[in-house]
Participant: 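Take this structure, written in structure tokens, and hold onto it; I'll ask about it next.
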Number of protein chains: 2
Amino acid sequence: MLRLSHLTDYGVVLLSQLAQEAPALVTAPGLAASTGLPAPTVAKLLKVLTHAGLVSSHRGAAGGYTLARSPVCISVGEVIAAIDGPLALTACVEGAVEVCKVESSCPIRGRWSKVNAALKHALSEISIAELATPGSPVHDMPAASGVALSH
Amino acid sequence: MLRLSHLTDYGVVLLSQLAQEAPALVTAPGLAASTGLPAPTVAKLLKVLTHAGLVSSHRGAAGGYTLARSPVCISVGEVIAAIDGPLALTACVEGAVEVCKVESSCPIRGRWSKVNAALKHALSEISIAELATPGSPVHDMPAASGVALSH
DNA sequence: TTTAATCTGGACCGAAGCGGTACCCATTGG
DNA sequence: CCAATGGGTACCGCTTCGGTCCAGATTAAA
């Protein structure tokens, strides 16, 4: 349903939590406790986020995790790309190495990239800080009429 | 990977094809032939699109399908919503009837809706007509630096 | 009136991706 | 030297999705 995976959702939650506890060093079990997420999953996610350069890890006995940069400089798009993989709506847009069987007759060919670019732009303009700051408007935008539909 | 389902992709292709053949009445097998997509799938999709009010159906011997409105008035977001379901990135945003176990400790609570709204807006501004018009720039936007990453 | 073409609705099945878990190794401070 | 912590990998079950098929309803044409 054009929904991101649970993992990505959790990833953003973790980063937000790290942002709130910054600049403290937090352990994986600690984060699991403060967010309420299952510990093994948290550990797995932190590895991925470390690999993507979004959090810094400190190994050893008194180790833990910290944000790699200011939360203002981490966009939601980056997190999605780090966990869910590169943001590509259709197979046509990404590496494009794979052949599209119906490419010759496809009436829109490479034009998905326009949609893709719009999405990337929208996601790159929202930072983790905006999602994490407490005290900001919490209410959902009222039904945000525009695209929402039945089903 | 934040990728939409094949069905949705096909749906946009079908609408684009219908737009190009407008205002002719096209049969389901006809569309399957002109797009190169499997016939049963095309039939299934057309039912859904009809239900969503995006295409008009004419039953009977000389029946077929047509676009319900001008392709300029059909946004990509609508198509996605019709096929993939309502556009909601996380479970927190939609009906919200279901309970989020970690809601109390979740550091971002209802704030996903901001991202959601941004996406909806971006998708509602691109029409089928823009994807279907032949002769427009076909080349992918050059790597659209911004969010794209490894993986 | 008969016939054939077409849409309508629902059920079904196989495959693939994802979420979750467990295990063992590397590193480092006490 | 030891214990605590991160790092990496492999595995398994489940849900969801893509694709197919069939029987019924509708309508233009012969």
Side-chain angles (χ1 to χ4, degrees), chain A residues 1-11 13-14 18 24-33 35-68 80 83-85 88-91 98 101-102 151, chain B residues 1-11 13-14 18 24-33 35-66 68 80 82-85 88-91 98 101-102 151:
Chain A
M1 320 176 184
L2 190 56
R3 146 175 324 184
L4 28 77
S5 65
H6 284 181
L7 278 270
T8 309
D9 187 0
Y10 296 164
V13 171
L14 289 179
L18 275 174
L25 209 58
V26 195
T27 69
L31 269 176
T35 56
L37 301 176
T41 303
V42 170
K44 186 180 192 174
L45 269 172
L46 286 171
K47 295 172 200 170
V48 177
L49 293 175
T50 305
H51 217 81
L54 297 177
V55 305
S56 301
S57 66
H58 299 263
R59 306 177 68 157
Y65 293 93
T66 331
L67 279 187
I80 298 180
I83 302 180
D84 256 10
L89 283 187
T90 65
E98 42 192 315
K101 291 190 306 180
V102 293
H151 194 263
Chain B
M1 320 176 186
L2 190 56
R3 145 174 324 184
L4 27 78
S5 65
H6 284 181
L7 278 263
T8 309
D9 187 0
Y10 295 165
V13 171
L14 288 179
L18 274 175
L25 210 56
V26 196
T27 69
L31 269 176
T35 57
L37 301 175
T41 303
V42 169
K44 186 180 193 174
L45 270 172
L46 286 171
K47 296 173 201 171
V48 177
L49 292 175
T50 305
H51 219 80
L54 297 178
V55 305
S56 301
S57 65
H58 298 263
R59 307 177 67 162
Y65 293 94
T66 330
I80 297 181
I83 301 180
D84 256 10
L89 283 186
T90 64
E98 43 191 315
K101 292 190 305 178
V102 294
H151 196 263

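Everything numeric here is computed off the predicted structure, so don't read it as measured data. Residue numbers begin at 1 in each chain, while the letters A, B, ... track the order of the sequences.
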Participant: Identify which nucleotide among C:dA4, C:dT21, D:dT26 has an atom closest to any side-chain atom of B:A61, counting heavy atoms from C-beta outward.
Facilitator: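 From the listed options, C:dA4 comes nearest.
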Participant: Using a distance-only criterion (donor-acceptor N/O pair, under 3.5 Å, no hydrogens), is the base of D:dG18 paired with the side chain of B:K44?
Facilitator: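 Answer is no: no donor-acceptor pair is held.
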Participant: Using atom CG of B:D84 as one end and atom P of D:dC17 as the other, report the distance to the nearest whole Å.
Facilitator: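 Going from B:D84 (CG) to D:dC17 (P), I get 8 Å.
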Participant: Round to the nearest Å and state the distance from A:L18 atom CG to D:dG6 atom P.
Facilitator: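 Nearest whole value for this atom pair: 11 Å.
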Participant: Using whole Å, what does the distance between atom P of nucleotide C:dG17 and atom CG of B:L2 come to?
Facilitator: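 Going from CG in B:L2 over to P in C:dG17 covers 16 Å.
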Participant: Which pair of heavy atoms, one from A:D84 and one from A:S5, lies closest together, and at what distance?
Facilitator: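 Taking every non-hydrogen atom into account, OD1-OG, 2.7 Å.
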Participant: Where the side chain of B:R59 is defined as all heavy atoms beyond and including C-beta, which of C:dG19, C:dT8, C:dG9 is the nearest nucleotide?
Facilitator: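 Of C:dG19, C:dT8, C:dG9, C:dT8 is nearest to the side chain of B:R59.
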Participant: For B:L4, does its backbone N or O pair with a side-chain atom of B:T8 as donor and acceptor, under 3.5 Å?
Facilitator: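 Checked: no pair found.
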Participant: Verify the contact: side-chain N or O of A:S5 to OP1 or OP2 of C:dG19, cut-off strictly under 4.0 Å; return yes or no.
Facilitator: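 So the side chain of A:S5 is within the cut-off, an N or O lying under 4.0 Å from OP1 or OP2 of C:dG19.
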Participant: Whole angstrom is fine here: how far is it from CZ in A:R3 over to C1' in D:dC17?
Facilitator: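 Going from A:R3 (CZ) to D:dC17 (C1'), I get 14 Å.
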Participant: Whole-Å distance between D:dG8 P and A:L46 CG?
Facilitator: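 One finds 12 Å between P of D:dG8 and CG of A:L46, rounded.
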Participant: Taking all heavy atoms of A:L14 and all of A:L37, pick out the closest pair and write down the distance.
Facilitator: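 Heavy atoms only, the tightest pair is CD2-CD1, 4.3 Å.
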Participant: Between C:dC7, D:dG7, C:dG10, which nucleotide has the shortest distance from any of its atoms to the side chain of B:K47?
Facilitator: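 Minimum distance to the B:K47 side chain belongs to C:dG10.
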Participant: Categorize A:L7 for me: base, sugar-phosphate, or nothing, with a 4.0 angstrom heavy-atom threshold over every strand shown.
Facilitator: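 Sugar-phosphate contact only.
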Participant: Taking only the side-chain heavy atoms of A:P38 (C-beta and beyond), determine which of C:dT27, C:dT21, C:dT8 contains the nearest atom.
Facilitator: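 Side chain of A:P38 sits closest to C:dT21.
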Participant: Taking only the side-chain heavy atoms of A:S57 (C-beta and beyond), determine which of D:dG6, D:dT20, C:dC7 contains the nearest atom.
Facilitator: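 Nearest listed nucleotide: D:dG6.
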Participant: Report, as yes or no, whether the 6.0 Å neighbourhood of atom NE2 on A:H58 holds more than 12 heavy atoms from other residues, nucleotides or ligands.
Facilitator: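 Counting neighbours around NE2 of A:H58, more than 12 heavy atoms of other residues, nucleotides or ligands fall under 6.0 Å, so yes.
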Participant: On DNA chain C, compare the nucleotides closest to A:L4 and B:T27; which residue's is nearer the 5' end?
Facilitator: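 In this pair, the answer is B:T27.
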Participant: Roughly how far apart are B:Y10 OH and B:T35 OG1, rounded to 0.5 Å?
Facilitator: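 The OG1 atom of B:T35 is 9.5 Å from OH of B:Y10, to the nearest 0.5 Å.
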Participant: What nucleic acid atoms does B:A28 come within less than 4.0 Å of, heavy atoms only: base, sugar-phosphate, or nothing?
Facilitator: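 Sugar-phosphate, backbone atoms only, no base.
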Participant: Rounded off to whole Å, could you give me the CG-to-P distance for the B:L37 and D:dG19 pair?
Facilitator: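 One finds 9 Å between P of D:dG19 and CG of B:L37, rounded.
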Participant: OP1 or OP2 of D:dC17 less than 4.0 angstrom from a side-chain nitrogen or oxygen of B:Y10, does that happen here?
Facilitator: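 For D:dC17, neither OP1 nor OP2 has a side-chain N or O of B:Y10 closer than 4.0 Å.
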Participant: Take atom NE2 of B:H6 and atom P of D:dT16, then tell me their distance rounded to the nearest Å.
Facilitator: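 About 18 Å, once rounded to whole Å.
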Participant: To the nearest angstrom, how far is A:L25 atom CG from C:dG29 atom P?
Facilitator: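 After rounding, the gap between these two atoms is 11 Å.
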